[in-house]
Amino acid sequence: MDLPVCPLCPVCNLDLSNHDQPAANHHVNRCLDGGYDAVAVADKQLDNNQVQDKRLSPSPTPPPPPAKKKKISAFNVLMSSNNPEEKADAEADAQSQPRQPRQPPFYKILQGMPIAVDAFAYSSIPNITAYFLTHAHSDHYQSLSKNWSGGPIYCSEITAELVHHITSVKREYLRPLSLNTAHTIPGTNGVTATLIDANHCPGSCIIVFEGRQTVDAAPSTFTSPWIGSSRSFKYLHCGDFRASPRHIRHPAIARSKFDIIYLDTTYLNPTYSFPPQPLVIDACRDLVLANLRGEMRVNSLMRPNSSMLDMIKGGWKKLSGAPEQDEHGEYVTDEKPSSGENKSENENIHPHTLPNDVLVVVGTYSIGKERIVKAIAHALNSKVYADKRRQALLRNERDSDLDALLTSDPYAAQVHIQGLGGVTIAALPDYISRFNGRFSRVIGIKPTGWTYSGGGRGGKSESSSGSGSASDSKSPSIDLLLKQDLSRWDTYTHKHIHSTRGSNDYVSCYGVPYSEHSSFTELTCFALSIDHTRIIATVNNAKPASRLRMKNWFDAWLLERRKRCERGEYSVEARSENFW
Ligand SMILES: [Zn+2]
Ligand SMILES: [Zn+2]
């Protein structure tokens, strides 16, 4: 049986059954890019027809923000809009949003410690002396603004730069910490914090906390019996992360036992299966190279009109000796799959033999997805163009590789970064027409994370319900799930990336399963490889049914880990340094 589609957004739990596939993908990916509140509010305001109109109509400009701007994440509006008025509104919103102080949920307060994580929407929280920020996505910094006075904010150096740039929070409150070092945090009775690269967006980190329980700051009726005792506790807060064997091998994590793991459970359901990120980056680069070498033709559902054809004839310097396509427009070359670690044979092609008048536009909402941009730019030996606002943001990431690639001259770069809304079959021709014939055709790359159709390749699974109910005797064992999914992506190449409807020889778009959150399999490998007592979910925990589903998986992982440890298997063997 094919895997069932999941009718809920994995981030905000919105029922997506009224959305068609593109609208659902659009929703989920905006949520994943940090627009949690913005998307949820927008979707509630639009009935299904309006969703169709605003999300799917071939409009060259990004969809307009819904009317109640006060509730929209200002940063998302800022990043997705080219309209200066909207930008001014968004900036004003970002700086002066009056928020009602609410109580933070219990999972944002470390048990027994005066420390809050990603909890800035509640002004000053009683008994909290240290506020941690895991990364600069809006659903985590929330209502942080220049008016923040709640207390010191600890984060990575890059996140400090980004969040100051984005929210204007005063530097006097920012306490940037170096990575991979245990820092003693003032006012916490000696708790130490070690920041580790989260493998999410630039600056993102997971954090190991170690210390005694001294205060009950969480707004719940539960009181820990350990408060005031001399026992030392170890917690791992995962913020948003893409779990990797590197995390397991980190000296602050290996051979540690964690009392609590606060886990990013965005994709905690076997339905959410997608390839390891390094394979996707390679595939994406190879896709662009194959396209430029004329080795593949996209779906030709919509033929270009005559003026487009003239442009193609005049401008597209197709390489002589390029392989033919078959009558269905499928690629007829037979390239070896790239392994994710070995260099692709494509890299042996000298970039100067590729046409230099094909534009590649990569879509993104905010920070993140830079790895794809860099891989394509390096393969084409090209600069990267981004508009002023986006470039100012990117330069705060302190990525010297990216800095060296960035240019403010769109004519000088074959790779452009645009808002995701601008990377459509309808919008891209308008976009390249701005550049006076500099580009003869355009390839749009949409890094869209998990795809709604049920796990990319829509493979087979024994999963009877996809509900993740580990107590259901019909559910497959964790062992079986792992076996199925780990081998599933072994042969993943650019040939598995399909162009979107309406793509043609002049403009083609590709949705790429590039995720900055862990797949279900990666979460499972992570949990089976780390010694822990308890997991607390930080995503999807609003509804009791969802909490129960997740708890069932946590219990199943613990059971499986115990069995494996008895056999001497303390961690899941990884296929590479970077992925399981
Ligand atoms: Zn994030
Ligand atoms: Zn998040």
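Read the numbers this way: they start at 1 and go in the same order the structure lists the ligands and their atoms.
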Of all the atoms in H140, is at least one N, O or S atom closer to the Zn ion (ligand 1) than 2.8 Å? no

With a cut-off of 2.8 Å, does C201 place any N/O/S atom under that distance from the Zn ion (ligand 1)? no

Which atom of D139 approaches the Zn ion (ligand 2) most closely (N/O/S): OD2

Can you pull out every salt bridge (charged side-chain N to carboxylate O under 4.0 Å, His left out) where at least one residue sits in residues 169-178? Sequence neighbours excluded, please. E161-R171

Return the name of the atom in H200, of element N, O or S, nearest to the Zn ion (ligand 1). NE2

Decide, counting backbone as well as side-chain atoms, whether H135 has an N, O or S atom less than 2.8 Å from the Zn ion (ligand 1). yes

Distance-only, no hydrogens or angles: does the R242 side chain make a donor-acceptor pair with backbone N or O of N199 under 3.5 Å? no

Without swapping roles, check the side chain of N269 against the backbone of Y272 for a donor-acceptor pair under 3.5 Å. no

Between T194 and H250, does any side-chain donor sit less than 3.5 Å from a side-chain acceptor? no

The atom of H137 among N, O or S that is nearest the Zn ion (ligand 1) is ND1

R246: what forms a salt bridge (charged side-chain N to carboxylate O under 4.0 Å, His left out) with it, not counting sequence neighbours? E577

D240 near the Zn ion (ligand 2): N/O/S under 2.8 Å: yes

Less than 6.0 Å separating the ring centroids of F233 and F209? no

